[in-house]
Amino acid sequence: EEWRALERDNLSSLHQSYDWCAAWVAAFRRPLAMLRGSSGNRTAFILPVEIVASRGIRIAKFIGADHSNINTGLVSDAFAEDSGLLDSHKLAARLRTALAGKADLLLLQNIPLEWRSRRNMLAGLPMVQNQNHAYQLPLLDTFQETLQQLNAKSRRKKFRAQSRRLEAIGGFDYIAPEASSEQHELLDMFFRLKSARFASLGLPDVFADAPTKAFLHGLIDKRNGDDFGLEMRALRLKGDYEGRIAALSGISRKGDHVICQFGAIDEDLIADASPGEFLFWQMISSLHGKGVALFDFGLGDQTYKRSWAP
């Protein structure tokens with residue numbers, strides 16, 4: 001109940017929400033440690049971590065850290081306001097004491113030192129800046145206003161060219177299936193396309209293991225009002241390629257924050273039309289008017305992220 005209460009804060013990360021963590025734990029079954037800080041008789045913060053063994057060392061990490069783009073921990077409003085006064089040396093000592101006998105190292109990844117004008121309570125701990133930055137696009141009142149933050153003229157020109165290319169082969173449908181079964185089918189398709197892509201580049205497939213697949217499938221069925229653990233969106237072709245999926249993406253939502261978790265394209269289909277880029281246009285435009293303030297492309301410096309994120 002305390003966890004659920006703290007996660008209602010709009011500025012707490014989806015990746016520390018109870019449902020996200022529960023889906024991961026159900027798939028991986030690693031030892032857990034719930035670090036709870038109190039102020040008087042009230043819960044001030046919760047840091048949900050799992051213990052991962054690596055080369056003889058027990059490392060405490062945020063639950064599901066290897067597949068999360070942003071981690072904030074869970075902090076009460078009152079404690080968040082005063083966290084700038086926190087003595088980081090005392091905090092570190094308390095965390096060490098709490099984890100004694102359970103972990104040798106506490107390694108908390110992908111923490112923004114400041115997130116949407118709020119300083120993170122962990123910002124004073126010893127840290128190394130991530131070599132990757134994250135990219136976000138603020139969503140304004142209308143899609144046209146959102147585009148004005150970017151090079152709107154060239155982006156519209158590119159969109160028209162992509163539209164003509166797609167119409168020339170028979171058109172397309174932008175789909176976000178409501179049926180759970182269709183969502184799971186699209187996720188399995190993503191695994192196949194991404195596996196082929198990684199193989200072509202000679203890279204390891206980070207989605208290949210059974211627990212990771214089970215975790216992501218588990219997220220599809222985690223919904224709470226407008227919030228959802230994972231929802232698949234896709235570009236389905238008509239005409240010459242009737243029913244074929246040219247591009248797909250998985251997004252998550254908590255409050256007014258939407259995170260793009262991953263994406264893939266079928267490289268055997270209309271690659272010259274940049275279907276992945278076209279899908280982003282469809283997704284971002286469709287989220288306007290639905291209470292979303294930020295579309296997050298996550299960690300990693302890629303050209304398409306720079307083109308969308310100011």
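Count residues from 1 along the sequence.
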Phe45 side chain near Met121 side chain, heavy-atom distance below 4.5 Å: yes

Are the side chains of Lys61 and Asp66 in contact, using a 4.5 Å heavy-atom criterion? yes

Going by salt bridge (charged side-chain N to carboxylate O under 4.0 Å, His left out), name the pairs with one or both residues in residues 85-108, residues two or more places apart or in two chains. Arg58-Asp104

Taking the six-membered ring for Trp and the single ring otherwise, decide whether the centroids of Phe295 and Phe297 are under 6.0 Å apart. yes

With His133, which residues qualify under ring pair (Phe, Tyr, Trp, His ring centres under 6.0 Å), at least two apart? none

Step by step, work out the side-chain contact (heavy atoms from CB on, under 4.5 Å) result for Leu35 and Leu99. CA-CA 8 Å; Leu35 295 164; Leu99 286 168; 4.0 Å; yes

For Glu114, look at atom CD and say whether over 12 heavy atoms of other residues, nucleotides or ligands are found less than 6.0 Å away. yes

Any side-chain to backbone donor/acceptor pair from Ser195 onto Arg192? Under 3.5 Å, distance only. no

When you compare the side chain of Arg253 with that of Asp226, does any pair of heavy atoms fall below 4.5 Å? yes

Co-membership, hydrophobic cluster, residues Leu6 and Phe62, 4.5 Å side-chain: no

Distance-only, no hydrogens or angles: does the Asp173 side chain make a donor-acceptor pair with backbone N or O of Ile175 under 3.5 Å? no

Give every residue pair that meets the ring pair (Phe, Tyr, Trp, His ring centres under 6.0 Å) criterion with at least one member in residues 202-252, sequence neighbours excluded. Trp20-Phe215, Trp24-Phe215, His67-Phe207, His184-His217, Phe190-Phe207, Phe191-His217, Phe207-Phe262

Trp3 and Val49: same hydrophobic cluster, using ILVMFWY side-chain contacts below 4.5 Å? no

I'd like to know if the side chain of Asn110 and the backbone of Ser68 have a donor-acceptor N/O pair within less than 3.5 Å. yes

Do Tyr304 and Leu137 sit in the same hydrophobic cluster, where Ile, Leu, Val, Met, Phe, Trp and Tyr count as joined when their side-chain heavy atoms come under 4.5 Å apart? yes

Any carboxylate oxygen within less than 4.0 angstrom of a Lys/Arg side-chain nitrogen, looking at Asp9 and Arg118? yes

Any side-chain heavy-atom pair from Leu95 and Leu47 closer than 4.5 angstrom? yes

Verify the cluster assignment for Ile70 and Leu294: are they in a single hydrophobic cluster under the rule of side-chain heavy atoms below 4.5 Å apart? yes

Using the rule that Ile, Leu, Val, Met, Phe, Trp and Tyr join whenever any side-chain heavy atoms are under 4.5 Å apart, tell me whether Val258 and Met232 fall into a single cluster. no

Less than 3.5 Å apart, any donor N or O on the side chain of Asn71 or Gln109 sitting next to an acceptor on the other? no

Does a side-chain heavy-atom distance below 4.5 Å link Leu230 with Ile220? yes

Pairing of Lys194 and Asp205 as salt bridge, 4.0 angstrom limit: no

Rounded at 0.5 Å granularity, tell me how far CD in Gln183 sits from CG in Leu187. 9.0 Å

Kindly give the heavy-atom pair with the smallest separation between Ala176 and Arg233, and that separation in Å. CB-CD, 3.2 Å

Using the rule given for side-chain contact (heavy atoms from CB on, under 4.5 Å), can you reason through Ser12 versus Val75, listing the C-alpha separation, both sets of side-chain angles and the distance that settles it, and then say yes or no? CA-CA 7 Å; Ser12 70; Val75 187; over 6 Å; no

Under the side-chain contact (heavy atoms from CB on, under 4.5 Å) rule, what do Ile63 and Met34 come out as? Steps first, then yes or no, please. CA-CA 10 Å; Ile63 293 172; Met34 301 299 134; 3.9 Å; yes

Asp19/Arg4 ion pair, N-O < 4.0 Å: yes

Student check: side-chain heavy atoms of Glu185 and Pro177 closer than 4.5 Å: no

Side chains of residues 270-283: which donor-acceptor partners sit under 3.5 Å, not counting sequence neighbours?
from: Asp272; atom 1: OD1; to: Arg165; atom 2: NE; distance (Å): 3.3
from: Asp272; atom 1: OD2; to: Arg165; atom 2: NE; distance (Å): 2.8
from: Glu277; atom 1: OE2; to: Arg155; atom 2: NH1; distance (Å): 2.8
from: Glu277; atom 1: OE2; to: Trp308; atom 2: NE1; distance (Å): 3.3

Salt bridge present between Glu7 and Lys254 (N-O < 4.0 angstrom): no

What pairs with Ala44 under side-chain contact (heavy atoms from CB on, under 4.5 Å), at least two apart in sequence or on another chain? Ser39, Phe79

Would you say that more than 12 heavy atoms from the other residues, nucleotides or ligands in this model lie under 6.0 Å from the CD of Glu242, or not? yes

Thr146 (side chain) donor-acceptor with Thr142 (main chain) under 3.5 angstrom: yes

For the student: nearest non-hydrogen atoms of Asn130 and Asn132, plus distance: OD1-N, 2.8 Å

Quick one: does Phe198's side chain get under 4.5 Å of Val206's, heavy atoms only? yes

Could you go step by step and tell me if Arg236 and Tyr174 meet the side-chain contact (heavy atoms from CB on, under 4.5 Å) rule? CA-CA 6 Å; Arg236 185 173 60 201; Tyr174 166 62; over 6 Å; no

Side chains of Thr212 and Phe28, heavy atoms from C-beta outward: is any pair under 4.5 Å? yes

Testing the 3.5 Å rule here: is there a donor-acceptor pair between the side chains of Ser180 and Asp221? yes

State which residues pass side-chain hydrogen bond (donor to acceptor under 3.5 Å, both in side chains) with Asn69; sequence neighbours excluded, sorted by chain then number. none

With a 3.5 Å distance limit and no angle check, can you tell me whether Lys213 reaches the backbone of Asp188 through a side-chain donor-acceptor pair? no

